[in-house]
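Whatever order the structure lists them in is the order used to number ligands and atoms, beginning at 1.
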Amino acid sequence: MAGKRILSGIQPSGTLHIGNYFGMMRQAIALQNRGDDCYYFIANYHAMTSMPEPEALRERSFGVAVDFLAAGLDPEKSVFFRQSDVPEVLELTWILSCLCPMGLLERCHSYKDKLAHGMEANHGLFAYPALMAADILLYNSHLVPVGKDQKQHLEVTRDLAIRFNNHFGEILTIPDAYIHEDVAVIPGLDGQKMSKSYNNTIELYGEGKAIRKKFMSIVTDSTPMGEPMDPDRCSIVALYKLMASEEELEELRKNYRENPEFGYGHAKQKLYEKYLEYFAPMRERRAKLLANPQLVEDILQDGARRARLVARATMEKVRNAVGL
Ligand code: ADP
Ligand code: TRP
């Protein structure tokens with residue numbers, strides 16, 4: 001697969017959680033190490049759909065950049081930038097919007113879900129898949145690593161690219177989603193999909209008593225102590241599996257089935273310790289980056305400069321093709 005253009009974005013709409021890491025960031029980081037041509041960005045225009053305060057938007061965009069770099073994104077290997085530093089994407093959004101039937105957007109689950117969770121229906125939130133399509137198509141992306149919840153947005157993107165090409169000529173690259181089925185949906189504290197909108201997250205860089213308390217609050221069934229527990233239907237095991245070795249996982253599963261002195265409290269403690277160990281190197285890198293904000297800003301600026309070269313070349317072809 002070497003030599004493909006890989007692209008993904010993450011919204012700076014809150015603190016990153018381990019669902020974001022295992023669902024998307026880890027794949028994105030692994031791909032940069034295979035010699036692919038990777039573009040990753042902070043989707044700050046997207047985050048405006050929930051209308052954060054200006055200072056919060058700026059700070060979170062920066063914070064997510066730090067967190068992604070700390071997680072292993074390497075700016076020597078990947079082009080890393082803030083979405084709004086390449087405003088060409090908005091021109092492409094408009095052009096795609098004019099090709100986009102209302103029905104295509106009306107069918108999007110993510111929009112309906114967000115309304116069901118109390119978000120206000122604004123035009124930006126409704127039209128968001130067109131902006132996401134522009135993000136992807138502007139950079140001629142082949143593969144888009146995302147969690148399963150974004151699959152439908154990738155289908156919208158492909159549909160718009162095909163419509164564009166049919167109408168104006170073969171200009172846009174048709175992308176594919178890259179979804180790791182093993183980690184398609186990471187469960188949250190309550191067993192539903194982990195999401196910042198559901199208040200059930202384990203933060204990527206959580207600290208102190210508060211984070212331990214979260215682990216201890218993971219919902220399990222009510223198998224009494226001494227009875228065998230079912231490892232196949234337990235969020236603790238599902239989360240442990242993401243971080244532990246095969247042997248460690250097998251040991252936990254054995255304890256579930258066979259150890260009468262092992263209860264959910266022990267399992268939660270094991271998971272908590274594994275989490276601290278797994279993310280320790282990233283925490284260290286994060287502390288260093290936080291102490292050097294100028295370095296982070298320079299990385300983002302350099303990324304934007306490189307991204308903009310590709311964006312401008314695509315827009316020149318697109319503008320020409322549509323008659324602008
Ligand atoms: P949230 O649902 O917390 O708002 P985002 O929608 O910002 O998260 O997701 C950012 C990225 O992380 C997306 O690629 C998304 O698919 C992935 N992701 C988020 N939550 C999960 C999860 N629980 N399981 C798998 N992937 C996830
Ligand atoms: N919509 C994605 C999310 O909420 C973020 C995103 C915006 C994105 N533009 C993108 C992901 C382009 C992949 C490619 O998670």
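Scanning the protein heavy atoms around atom 6 (C) of ligand 2, the nearest turns out to be Gly9 O, 3.8 Å. For atom 14 (O) of ligand 1, the nearest non-hydrogen atom of the protein is Gly147 N, 3.2 Å. Nearest non-hydrogen protein atom to atom 9 (N) of ligand 2 is Asp135 OD2, 2.7 Å. In this structure, atom 15 (O) of ligand 2 lies nearest to the protein heavy atom Gln150 NE2, 3.4 Å. Among protein heavy atoms, atom 7 (C) of ligand 2 sits closest to His46 NE2, 3.3 Å. Nearest protein heavy-atom neighbour of atom 2 (O) of ligand 1: Ser195 OG, 2.9 Å. Closest protein heavy atom to atom 1 (N) of ligand 2: Tyr128 OH, 2.5 Å. For atom 1 (P) of ligand 1, the nearest protein heavy atom (residue, atom name, distance) is Lys196 NZ, 3.4 Å. If you check which protein heavy atom lies closest to atom 24 (N) of ligand 1, you get Ile186 N, 2.8 Å. Atom 27 (C) of ligand 1 has its closest protein heavy atom at Gly19 O, 3.3 Å. Scanning all protein heavy atoms for the shortest distance to atom 11 (C) of ligand 1 gives Asn20 ND2, 3.8 Å.
Residues Phe80 and Tyr40 place their aromatic rings such that the two centres sit no closer than 6.0 Å. Aromatic rings from Tyr111 and Tyr128 are positioned such that their centres are separated by 6.0 Å or more.
Residue Val146 touches ligand 2 through its side chain alone, judged by heavy-atom distances below 4.0 Å. Under 4.0 Å from ligand 1, not a single heavy atom of Met25 appears. At a heavy-atom distance under 4.0 Å, only side-chain atoms of Phe41, from C-beta outward, approach ligand 2. At a heavy-atom distance under 4.0 Å, only side-chain atoms of Val144, from C-beta outward, approach ligand 2.
Ligand 1 has no nitrogen or oxygen under 3.5 angstrom from a nitrogen or oxygen of Met24. At least one N/O-N/O distance between Gln11 and ligand 2 falls below 3.5 Å. Here's the thing with Met194: one of its N/O atoms is less than 3.5 angstrom from an N/O atom of ligand 1. By the 3.5 Å distance cut-off applied to N or O atoms, Gln150 is not counted among the residues near ligand 1. Polar contact with ligand 2: absent for His153 (N/O pair, distance under 3.5 Å).
Of all atoms in ligand 1, listed by their number and element, those nearer than 4.0 Å to a heavy atom of Gly23 are 25 (C), 26 (N).
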* Would you check, one step at a time, whether the test ring pair (Phe, Tyr, Trp, His ring centres under 6.0 Å) holds for Tyr21 with Phe279? => CA-CA 11 Å; Tyr21 179 75; Phe279 291 108; 5.4 Å; yes
* Lys254/Glu251 under salt bridge (Lys or Arg N to Asp or Glu O under 4.0 Å): CA gap, chis, key distance, verdict -> CA-CA 5 Å; Lys254 203 161 172 236; Glu251 191 193 325; over 6 Å; no
